[in-house]
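What follows is one structure encoded as structure tokens, with my remarks underneath.
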Amino acid sequence: PAGTARGRRELVDPAGRRIILVVTDGVGEAWRDDTMIKLLRRWSATGPLAIVNMMPRRLWRKTSLDLWPALLASTPQGGTQPRVFPEQPDLGLPPTKRAKQIDWVPVLELRQSSLAPWAAAVAGILPGTLPVAALPLPVPSPMTAPARADAGEGADAPDRVLLQQPETSREIVRRFR
């Protein structure tokens, strides 16, 4: 009873009314190549997205996630995604590759103290900003972007994602409390 396999496009809600939480330990092969980055970029464009890292925070540096210190702020009115921006806007990068060309996905712990502020940011009621870890999703340049909107849908991205059944999610939460 692992879950139900679904197409990755099935998670996309063009109206932005679906929250996607990617629960991971951040060490799989898909995190070492562009596979997950491409998938996260697609999902982040359609609604609230966050990564829930199952590893203890002290071990995050040993994962394949390239995490940066960032700030989380409420979703702007009419927006579908909370604002996430790096604490250091230039990131030490040349002007052509600075933060404005990067989307950011917050990385959260499986704790109420981490998930609740993110939920408040999604709802647009988080007062001020909150320090978080974030994964950069570089925006592809026009030179490397696919010519068609559906290009790149082949073997370089997972064909199926696993949707956990509620019983499984409760078991995971109990195990990590």
Side-chain angles (χ1 to χ4, degrees), residues 3-4 6-26 31 36-61 63-91 93 98-140 161-177:
T4 305
R6 305 282 185 176
R8 65 187 180 278
R9 289 188 193 123
E10 194 171 337
L11 294 179
V12 173
D13 176 10
R17 295 177 303 212
R18 178 167 291 158
I19 290 174
I20 298 176
L21 294 174
V22 178
V23 180
T24 183
D25 59 10
W31 293 107
M36 283 306 298
I37 298 299
K38 289 176 182 177
L39 191 54
L40 292 171
R41 193 179 302 119
R42 174 172 291 122
W43 286 342
S44 73
T46 64
L49 170 70
I51 297 168
V52 178
N53 195 328
M54 300 304 291
M55 302 287 277
R57 187 178 276 274
R58 64 180 162 65
L59 298 178
W60 286 8
R61 61 186 167 77
T63 70
S64 297
L65 302 176
D66 180 25
L67 302 180
W68 290 77
L71 297 170
L72 176 70
S74 281
T75 303
Q77 189 170 17
T80 60
Q81 188 71 266
R83 292 177 293 153
V84 180
F85 46 95
E87 286 184 353
Q88 300 173 340
D90 71 358
L91 303 175
L93 299 172
R98 293 214 173 132
K100 65 184 174 212
Q101 285 100 11
I102 298 175
D103 291 329
W104 296 88
V105 177
V107 179
L108 312 169
E109 295 177 86
L110 184 60
R111 298 172 177 240
Q112 181 181 359
S113 61
S114 184
L115 294 168
W118 178 79
V122 170
I125 58 172
L126 179 69
T129 60
L130 181 75
V132 294
L135 179 70
L137 301 178
V139 177
V161 292
L162 190 63
L163 299 179
Q164 293 295 328
Q165 295 175 352
E167 306 84 49
T168 307
S169 299
R170 281 194 289 275
E171 290 171 14
I172 290 170
V173 170
R174 266 195 303 271
R175 192 175 335 141
F176 287 95
R177 277 195 177 157

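Throughout, numbering of the chain's residues begins at 1 and tracks the sequence. Heavy atoms only: backbone and side chains are in, while hydrogens, waters and symmetry mates are out.
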Looking at every non-hydrogen atom in both residues, tell me the closest pair between Ser44 and Gln81 and how far apart they are. O-NE2, 3.1 Å
For a side-chain contact (heavy atoms from CB on, under 4.5 Å) check, start with the C-alpha distance between Val22 and Trp43, then their side-chain angles and the critical distance, and finish with the verdict. CA-CA 10 Å; Val22 178; Trp43 286 342; 3.8 Å; yes
With distance as the sole test, does Arg41 use its side chain to make a donor-acceptor pair with the main-chain N or O of Pro138 at under 3.5 Å? yes
For residues Val132 and Trp104, determine if any side-chain heavy atom of one lies less than 4.5 Å from a side-chain heavy atom of the other. no
Taking every non-hydrogen atom, the tightest pair across Ala133 and Arg57: CB-NH1, 4.3 Å
Hey, is the main chain of Ala123 close enough, under 3.5 Å, to the side chain of Thr75 for a donor-acceptor pair? no
Ala73 and Thr129 have their tightest heavy-atom pair at CB-CG2, 4.1 Å
Hey, could you give me the CG/CG distance between Asn53 and Asp25, rounded to the nearest 0.5 Å? 7.5 Å
Pair Leu135-Ile37, side-chain contact (heavy atoms from CB on, under 4.5 Å): steps then yes or no: CA-CA 9 Å; Leu135 179 70; Ile37 298 299; 3.9 Å; yes
Closest contact, heavy atoms only, Val105 versus Ala50: CG1-CA, 4.0 Å
Roughly how far, to the nearest 0.5 Å, is CD1 of Ile19 from CG of Leu49? 10.5 Å
Heavy-atom nearest pair, Pro117 first then Leu72, reads O-CD2, 4.2 Å
Are Trp60 and Val107 packed together at the side-chain level, in the sense that at least one heavy-atom pair is separated by less than 4.5 angstrom? yes
Atom pair CG (Leu137) and CE (Met36), whose distance is rounded to the nearest 0.5 Å: 10.0 Å
If I take atom CG from residue Asp103 and atom CG from residue Leu40, how far apart are they, to the nearest 0.5 angstrom? 11.0 Å
Less than 3.5 Å apart, any donor N or O on the side chain of Trp31 or Thr63 sitting next to an acceptor on the other? no
What closest approach, in Å, do Met54 and Leu110 show between heavy atoms, and which atom pair accounts for it? CE-CD2, 3.5 Å
For the CG atom of Leu108 and the CD1 atom of Ile51, what is their distance to the nearest 0.5 Å? 8.5 Å
Within the distance-only criterion (no hydrogens, no angle test), does the side chain of Ser74 pair as donor or acceptor with the backbone N or O of Leu126 below 3.5 angstrom? yes
